Amino acid sequence: MHDVAFEKVTKKFGKVVAVNNISFQVNKGELFTLLGPSGCGKTTTLRLIAGLEIPQSGNIYIKGKNVEKLFPKDRNIGMVFQNYALFPHMNVFDNIAYPLKIRKQPQKEIIHKVTEIAKNLQTEELLSRKPNQISGGQQQRVALGRAMVQEPNVFLFDEPLSNLDAKLRTEARSFLKHIQKEMKTTAIYVTHDQKEAMAISDRIAILDKGVIMQVGTPKEVYKNPENVFVAGFIGDPPTNLLNCSIKYNQNKTVLDFLQFKLDISPIRDLVREKVNNEEAIIFGIRPEDITVEYKNASPNSIKGEVFVVERLGPETIIHVKIGNLIIIVRDFSEPDITMGDTIWLKIDFNSVHIYKKEDGKIII
Amino acid sequence: MVFRQRTNLWNNFWIYLILFTLVLFFILPMIWLVIAPFSSKASLAVKITLPSLNNFRELFKNKVAMLAFKNSFIISFSSTIIVTITSMLAAYALSRTNFKWRSTLLYALLLFSTVVTGIAAMVPLFVLNLRLGLIDSYLSVIFVFIGGFLPVSIFIIKDFFDAIPKDYEEAAIVAGSTPSQGFFRIILPLSQQGMVVIALYIFMNTWGDFLIPFILLRSVNKYPVSVAIYTFFTQEGLPLLGLLSAYSLLYSLPVIVLYIIINRKFGFGFHGGLKG
Amino acid sequence: MFEGGIILSKKRAFLFMLPALAFVAVFLIFPAIWAIYIGLTNEALTGIYGLNHQFVWFDNFIKAFKDPWFHSSLQISFKFVFGSLVGQAGLGLLLALLLNNKKGILKELVSNIVIIAWIVPGVVVAYLWVAFLDKDFGLLNSILGILGFARVNWFRTLPVGVIIIFNTWRGTAFSMLLFMAALQSIPPSYLETADVIGASGWRKFRDIIIPLIKPQILTDLILLTLWTFNVFTPFILTKGGPAHMTEILPIYTYRVAFMGTGRIGQGAAISTIILLINLTLALIYLKMLKRK
């Protein structure tokens with residue numbers, strides 16, 4: 001049984017389709033991330049689970065139960081809002097205790113639970129302070145505490161780290177994951193930051209324009225993006241995606257990029273039956289799956305010119321100009337190059353993906 | 001540098017001279033209100049005599065004057081409470097839901113509340129209350145005040161609600177509240193200031209109003225202070241000046257005190273450009 | 001469709017608005033519309049038409065336009081509004097400019113005095129001015145006497161002037177507060193730039209301050225026009241006298257509708273005219289609000 005399941009759910013606001021006929025399942029204890037650019041429907045999806053929005057069609061199940069007729073208060077959800085939404089007129093204790101108080105739990109139990117959670121979240125000494133008297137990171141923990149205190153069926157996190165500065169965000173993210181794993185509570189996490197999603201998730205659903213583009217583990221969506229959107233969204237820098245057409249000659253198979261040609265004979269058997277001669281396709285390759293040759297060209301390498309060099313410590317990002325195309329490569333060898341130098345790129349054919357031009361779906 | 005300082009001094013001289021003149025203009029007519037009530041032989045003149053509380057003693061003995069205070073309180077309190085509660089409910093609905101004709105409704109409210117003043121509507125208001133059998137009752141005045149002040153109150157309090165993010169209620173709802181628990185436990189405490197501002201605003205305005213009770217009330221024992229002072233002045237005139245000045249001062253005190261409270265607590269500012 | 005929202009369902013929102021809307025409909029909107037109807041009848045407070053009124057179509061409007069007192073009250077109202085406008089907006093702007101960079105007791109004192117003149121009940125203010133301007137005992141004439149001037153019967157010599165000054169005194173606070181807020185919103189760097197360039201005080205006022213607070217000035221003027229046109233307090237001060245010389249339109253309406261035989265129908269016709277004037281002013285105001 002899945003902890004949360006969507007079955008052909010559609011949600012419109014007026015004429016705008018925010019969530020378009022989506023289905024997915026979240027397993028017990030999993031940290032499941034909804035990832036996508038703004039306006040992709042991820043927050044709406046989260047609010048549908050919480051019951052803050054009602055879908056036009058489709059079914060939503062929490063712990064196997066159809067929640068169509070359940071008010072938010074009866075769904076037993078623990079939610080952390082993007083701006084935390086800590087009640088400004090209550091101190092930290094009362095904020096964390098709110099879900100218990102509203103359920104009229106005995107005073108003794110409330111005190112016990114809140115102090116325990118505060119200890120766990122290292123916010124004990126803040127209990128008597130008001131939300132505006134504590135730091136952003138502390139507010140984030142208090143909001144987490146309020147979501148934890150009622151031992152919810154599922155956690156909902158709506159970009160909970162986006163209001164923190166970069167350094168704190170990394171720290172808070174591992175803390176969040178630690179707490180979630182410790183409580184073994186299923187969590188659904190919304191973010192637009194693919195790095196954060198990769199770091200924290202057990203599985204990721206990538207959304208675009210209200211449609212799920214791919215669901216998979218971080219490794220799966222990184223290694224095998226099922227479409228151009230995912231390939232271009234995941235990874236920093238993202239996959240190089242280049243328009244080209246395929247040409248089957250007598251003895252070799254060539255990709256024609258107009259600026260240059262690439263012999264892909266090693267993988268010709270993979271494409272032969274799926275792509276017609278002269279068909280327009282999109283060629284995808286991750287920056288780290290390209291080897292850079294600085295001195296001399298090996299066979300079937302592409303000649304280019306160094307355009308931009310970003311040295312990031314262990315790795316170097318090189319933007320390479322070939323005609324008017326830019327290909328981004330990642331190199332770990334701390335190369336001694338500058339703008340204008342000539343280099344050669346060698347493609348690792350084991351890591352190449354080819355997508356259909358018209359719908360962006362994967363071919364190989 | 002020296003030259004510049006001199007022009008500054010000269011400029012300052014003019015600034016303070018103009019300020020002084022303006023202060024005189026505003027303060028001179030007030031002096032009577034502060035002096036006459038405590039004078040043993042009050043007249044229209046500003047004369048310092050031995051201070052006496054005789055005028056206030058006279059005032060407290062005057063049954064009509066004291067009754068009028070009670071009437072003013074009844075009218076202002078009821079109007080204030082009803083306007084505050086109903087405008088909070090309406091403003092909350094207007095702030096938190098987005099129905100089709102919401103902006104039309106808001107526009108109509110704004111338009112009617114600007115166009116239909118007490119002056120413009122004094123005749124139909126009189127006839128309406130006559131037909132309803134409300135003439136010469138507190139209710140007539142209270143109802144007219146409520147209808148008149150509601151639109152402005154709704155706008156002011158809606159501003160307060162709009163400034164509170166919806167996330168608070170949503171957080172409360174997800175945490176297990178019903179929507180009404182969210183309203184009473186989260187929104188009400190957070191909009192306390194707006195509530196107080198509205199209440200004080202309505203109280204001050206209804207307290208000082210003259211025209212509406214003047215038109216709608218007939219019996220002396222139902223007059224609020226504004227109408228009572230007017231009747232004293234036109235009917236008794238000069239012989240009662242001592243009492244009248246004391247009465248005027250006492251009548252003005254609540255608004256002045258409320259103004260000081262608002263000013264201290266919230267700062268006396270603008271809410272949609274309102275006039276008392 | 002999305003029915004209102006989870007916080008407040010459409011039905012509940014309607015229930016929340018119901019009491020307020022009912023009050024407004026019955027005691028604000030309905031009277032305004034009804035005024036038009038009453039204005040077309042010959043209803044009266046007393047006499048035979050008090051019980052049994054008839055539909056007289058536009059008789060009341062024709063009568064109004066033929067009545068010289070109507071014309072004179074319109075004229076007095078115009079002077080009164082114009083004078084108060086100049087007085088209140090002018091003094092308000094002057095005070096705001098003078099107090100803009102001041103701090104502490106002086107600013108507190110001056111603005112508090114001006115505001116108190118605004119919030120004290122109208123009846124009290126009217127009698128303050130009765131006392132202040134009294135020919136024989138009034139403070140103004142006493143001061144003038146000390147300075148060697150003759151006593152003046154202000155209410156006779158300057159009837160309209162008196163109600164203008166009275167109304168200016170009472171209402172300046174609004175303009176002052178509005179302009180103070182407007183001046184606060186001008187970034188200091190603008191004026192500092194002008195200082196660096198070497199602009200004189202007057203040039204700064206004309207070239208920087210006035211253009212920047214122009215929207216507030218327009219708002220102020222239109223609202224003051226509307227409000228001053230609908231002011232009744234001069235009635236307490238002068239009752240429209242002497243000899244109808246301060247009978248502004250509101251006082252004229254009151255006299256027609258409620259004094260003498262109480263020509264309610266006639267009064268309602270004049271109310272309709274006031275409503276139309278208010279409507280015009282309000283539409284201008286709302287248009288300006290929208291542009292902002």
Side-chain angles (χ1 to χ4, degrees), chain B residues 15 18-19 22-23 26-33 43-46 86-87 89-90 92-93 96-97 99 111-112 114-117 119-121 123-125 127-128 143-144 146-148 150-151 154 166 169 173 179 204 208 210-211 226 229-230 233 248 251-252 255-256 259 270 273 275-276, chain C residues 4-8 10 13 16-17 19-20 23-24 26-29 31-32 34-35 38 95 98 110 113-124 127-129 131-132 134 137-139 169 174 177 181 219 223 226-227 230 232 236 250 257 264 267-268 271 274-275 278-279 282 285-286:
Chain B
I15 288 174
I18 298 170
L19 266 181
L22 286 173
V23 169
F26 279 97
I27 218 168
L28 281 180
M30 286 183 195
I31 294 177
W32 184 76
L33 186 62
S43 71
L44 288 175
V46 174
T86 52
S87 64
L89 289 175
Y92 188 63
R96 289 320 198 227
T97 46
F99 44 89
L111 185 70
F112 272 99
T114 330
V115 172
V116 189
T117 57
I119 294 292
V123 180
L125 280 174
V127 182
L128 175 66
F143 282 168
V144 171
I146 294 173
L150 260 173
I154 291 175
K166 270 187 183 181
E169 285 121 300
I173 287 171
M204 285 169 79
F210 170 77
L211 177 66
S226 55
I229 291 184
Y230 173 79
F233 229 106
S248 298
Y251 176 45
S252 307
V255 268
I256 296 174
Y259 162 68
F270 270 110
K275 191 190 182 181
Chain C
I6 199 77
I7 296 174
L8 204 61
K10 249 187 179 174
F16 275 28
M17 288 189 290
F23 274 118
V24 171
V26 178
F27 289 96
L28 192 78
I29 297 178
W34 206 20
I38 305 171
L95 280 164
L98 292 178
V110 179
I113 289 171
V114 179
I115 291 170
I116 283 175
W118 186 41
I119 56 166
V120 163
V123 181
V124 175
Y127 291 125
L128 286 185
W129 279 81
F132 183 61
D134 188 75
F137 305 103
L139 183 59
W169 187 86
F174 174 78
L177 289 169
T219 308
L223 282 178
L226 221 147
W227 289 334
N230 285 277
F232 193 69
I236 308 166
I264 291 289
S271 292
I274 297 180
L275 281 170
N278 283 357
L279 181 68
Y285 171 59
L286 290 183

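Quick note on labels: first sequence line is chain A, next is B, and so on, each numbered from 1. Values below: all heavy atoms of this structure, side chains included; hydrogens, waters and symmetry mates excluded. Treat the numbers as computed from the prediction; the structure is a model and nothing was measured.
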What are the two closest heavy atoms between [X] and [Y], and how far apart are they?
{"X": "C:L8", "Y": "B:A93", "value": "CD2-CA, 3.5 Å"}
{"X": "C:P31", "Y": "B:P124", "value": "O-CB, 3.2 Å"}
{"X": "C:V120", "Y": "B:S252", "value": "CG1-OG, 3.7 Å"}

Are the side chains of [Y] and [X] in contact, using a 4.5 Å heavy-atom criterion?
{"X": "B:F112", "Y": "B:P151", "result": "no"}
{"X": "C:F16", "Y": "B:R96", "result": "no"}
{"X": "B:S87", "Y": "B:L150", "result": "yes"}
{"X": "C:W118", "Y": "C:L177", "result": "yes"}

Just say parallel, tilted or perpendicular for the rings of [X] and [Y], cut-offs at 30° and 60°.
{"X": "C:F174", "Y": "C:W227", "answer": "perpendicular"}
{"X": "B:F210", "Y": "C:F232", "answer": "parallel"}
{"X": "C:Y127", "Y": "B:F233", "answer": "parallel"}
{"X": "C:F132", "Y": "C:W129", "answer": "perpendicular"}

Based on non-hydrogen pairs under 4.5 Å, which of [options] is most in contact with chain C?
{"options": "B:G148, B:P29, B:A121", "value": "B:P29"}
{"options": "B:L211, B:T86, B:I119", "value": "B:I119"}
{"options": "B:L22, B:I154, B:I18, B:I27", "value": "B:L22"}
{"options": "B:V144, B:L125, B:L128, B:V23", "value": "B:L128"}
{"options": "B:I31, B:L28, B:I15", "value": "B:L28"}
{"options": "B:I256, B:L33, B:T114, B:T117", "value": "B:T117"}

Looking at [options], which has the largest count of heavy-atom pairs under 4.5 Å with chain B?
{"options": "C:I274, C:N230, C:N278", "result": "C:N230"}
{"options": "C:I264, C:L98, C:V110", "result": "C:L98"}
{"options": "C:A32, C:A117, C:P250", "result": "C:P250"}
{"options": "C:I113, C:I7, C:V24, C:L95", "result": "C:I7"}

Considering only heavy atoms, which portion of [X] lies under 4.5 Å from any heavy atom of chain B: side chain, backbone, both, or neither?
{"X": "C:L279", "answer": "both"}
{"X": "C:I29", "answer": "both"}
{"X": "C:L286", "answer": "side chain"}
{"X": "C:A35", "answer": "both"}
{"X": "C:D134", "answer": "side chain"}

Segment of B:L111 engaging chain C (4.5 angstrom heavy-atom cut-off)
both

Is B:L19 in contact with chain C via its backbone, its side chain, both, or neither, using a 4.5 Å heavy-atom distance?
both

